[in-house]
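The structure under discussion appears below in the form of C-alpha cells.
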Amino acid sequence: MPYRLADHVRACRIDAQVILLDLQRDKYLGIGGAQLAALSRLIVDWPADGAAGVPVGPDPVPDAWLGKLLALRMLADAGTRRAPVQAIEPAHDTLLAHLDPHPTSIRWADLPNLAWSASVAKFWMKRRCLADIEKGVRRLRVRPAVQLPADAERLGAAVAAYMRLRPFVFTAQDQCLHDSLTLVRFLAGKGLFASWVVGVRTRPFAAHSWVQSGHLVLNDVHEHVRTYTPLLIV
C-alpha cells in the first residue's frame, strides 16, 4: 500500500541523502543509498526521486527501512490528508548588516517582553517536544508573517531593540534554538510575526535554527544559513 510522511515528520533531500525530523521524538534520521529510489515509489511525498547518481540495482524493496519507519510511526496512509507544509524564500540578505553597530540608546521598556519571551522559550525547550513547540509558535501568529517592505521599519527597530537588550538576559552563543524562539516570541509581543526555521546540513551533520522574514535573516547572516537546508518552517 502507498504511504505518506506523518504530519509530525519533516523531510528534505541533501545530495543523495534524505534527512527526516520526527517532531514528536526530537530525532533526526538520515537515509541514503539504493533504498532512496524504492522508498520514493512507496512514499508519495518522499523527497528523493531516484535521480541519476543514486544506485538502484534490481528494484530493491527496502523492507527493513519501511518497517522501521512504520514502527516509529513516521508514516501514514497515503489516502489520508496531510497538513500543509510551509516553504520559505531563499535567504538573500541579513538584517544585522543594516542595523547601527554602535547604538546610543537602549529601549528598557522592552526588557520585560524579552525576559518573558526568554523564559517561555527555555520552558518550551525543557518540557516540550518540537511538535508542541511548533504548535506554540503557530498560536502566536494572529496574522501572516511580515511581508517586506511592509512593516520593515518596525521590524528593524524591534530586532535592534532585541539585540541591544539580549546580553542583559542571556547569551546567544551556541544557543541558536533558544535565541530564535525568544526572538519569535519577542516580535509577536510587538505585533510582528516572522518565520522560525530549523535547517540541516551533512558532512558533517549539523542542525541550526534562525528567524527569517521573506528573504531577510533576522538573527544570523544569510551566508551562514544558506549552508543549511530548511527542514522545519513555522
Side-chain angles (χ1 to χ4, degrees), residues 10-14 19-21 23 26 28 85-99 101 110 113-114 117-125 128-141 144-149 151-152 154-167 169-190 192-234:
R10 299 293 181 271
C12 69
R13 180 171 180 171
I14 304 177
I19 306 297
L20 304 177
L21 171 58
L23 300 179
D26 295 348
Y28 294 92
V85 177
Q86 291 182 292
I88 197 166
E89 295 180 44
H92 290 308
D93 200 3
T94 303
L95 180 60
L96 301 180
H98 303 288
L99 300 181
D110 287 324
N113 181 20
L114 175 56
S117 298
S119 297
V120 173
K122 184 65 71 174
F123 174 82
W124 279 356
M125 292 170 59
R128 294 186 177 183
C129 65
L130 285 173
D132 290 336
I133 293 176
E134 178 191 32
K135 293 176 184 176
V137 172
R138 290 191 189 282
R139 283 194 291 266
L140 293 175
R141 195 180 306 284
V146 175
Q147 298 297 317
L148 299 179
D151 287 332
R154 289 183 58 221
L155 181 66
V159 175
Y162 174 85
M163 293 299 176
R164 294 169 190 170
L165 287 170
R166 186 177 64 186
V169 179
F170 70 96
T171 175
Q173 184 176 2
D174 299 325
Q175 296 289 331
C176 63
L177 180 57
H178 183 223
D179 180 51
S180 296
L181 292 174
T182 301
L183 177 55
V184 166
R185 284 199 60 93
F186 178 84
L187 292 175
K190 300 175 76 65
L192 297 166
F193 306 91
S195 296
W196 167 47
V197 187
V198 174
V200 292
R201 67 185 182 192
T202 56
R203 301 178 185 177
F205 177 83
H208 183 53
S209 180
W210 66 93
V211 180
Q212 187 172 329
S213 178
H215 66 272
L216 187 66
V217 179
L218 305 187
N219 62 336
D220 204 332
V221 294
H222 65 282
E223 295 92 345
H224 181 226
V225 305
R226 283 175 67 90
T227 65
Y228 293 85
T229 299
L231 184 56
L232 171 63
I233 304 160
V234 186

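Note: L21 CG to L231 CG = 5.0 Å, rounded to the nearest 0.5 Å. Rounding to the nearest 0.5 Å places NZ of K190 at 14.5 Å from CZ of R185. The CE atom of M163 sits 6.0 Å away from the CG atom of L183 when rounded to the nearest 0.5 Å. The structure places CG of L95 at 9.5 Å from CG of N219, a figure rounded to the nearest 0.5 Å. With rounding to the nearest 0.5 Å, the separation of CE in M125 from CD1 in I133 is 7.0 Å. Atom CD1 in I19 sits 16.0 Å away from atom CZ in R10 (nearest 0.5 Å).
By the salt bridge (charged side-chain N to carboxylate O under 4.0 Å, His left out) test, K122 pairs with no residue at all, sequence neighbours left out. Legend: residues meeting side chain to side chain donor-acceptor pair (under 3.5 Å) with T227, ordered by chain and number and at least two apart, are R201. Remark: D179 pairs with R166 by the salt bridge (charged side-chain N to carboxylate O under 4.0 Å, His left out) rule, at least two apart or across chains.
Taking 4.5 Å as the limit, every side-chain heavy atom of W210 sits out of range of all side-chain heavy atoms of C176. Residues W124 and D132 are not in side-chain contact: their nearest non-hydrogen atoms beyond the backbone lie 4.5 Å or more apart.
Checked by atom type and distance alone, the side chain of Q173 never pairs as donor or acceptor with a backbone atom of Q175 at under 3.5 Å. Distance alone, capped at 3.5 Å, places no donor-acceptor pair between the D26 side chain and the C129 backbone. A donor-acceptor pair is defined here as one N or O able to donate and one able to accept, closer than 3.5 Å; no such pair exists between the side chain of R138 and the backbone of V234. The main-chain N or O of V217 is never found under 3.5 Å from a side-chain atom of T94 such that the two would form a donor-acceptor pair. In this structure, Q212 contributes its side chain and E89 its backbone to a donor-acceptor pair below 3.5 Å.
Summarising the geometry of A118 relative to H178, their closest heavy-atom pair is O-NE2, 3.0 Å, with the distance given to 0.1 Å. Heavy-atom minimum distance, A194 versus V211: CB-CG1, 3.7 Å. In plain terms, the two heavy atoms of Y28 and A207 that are nearest each other are OH-CB, 3.5 Å. For the pair V198 and S209, the tightest heavy-atom approach, listed with the atom from each and the gap, is CG2-OG, 4.1 Å. Shortest non-hydrogen contact noted between L155 and L192 is CA-CD1, 3.8 Å. A158 and F186 make their closest contact through O-CE2, 3.4 Å (heavy atoms, listed as atom of the first residue, atom of the second, distance).
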Side chain to side chain contact (heavy atoms under 4.5 Å, CB included) assessment of L177 paired with W196: CA-CA 9 Å; L177 180 57; W196 167 47; 3.6 Å; yes
Worked verdict on L218 versus L187 for side chain to side chain contact (heavy atoms under 4.5 Å, CB included): CA-CA 11 Å; L218 305 187; L187 292 175; 3.9 Å; yes
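Shown here is E223, whose CD atom has more than 12 heavy atoms of other residues, nucleotides or ligands within 6.0 Å.
At a threshold of 4.0 Å, the pair R164-D110 does not count as salt-bridged, since none of the basic side-chain nitrogens sits closer than that to a carboxylate oxygen.
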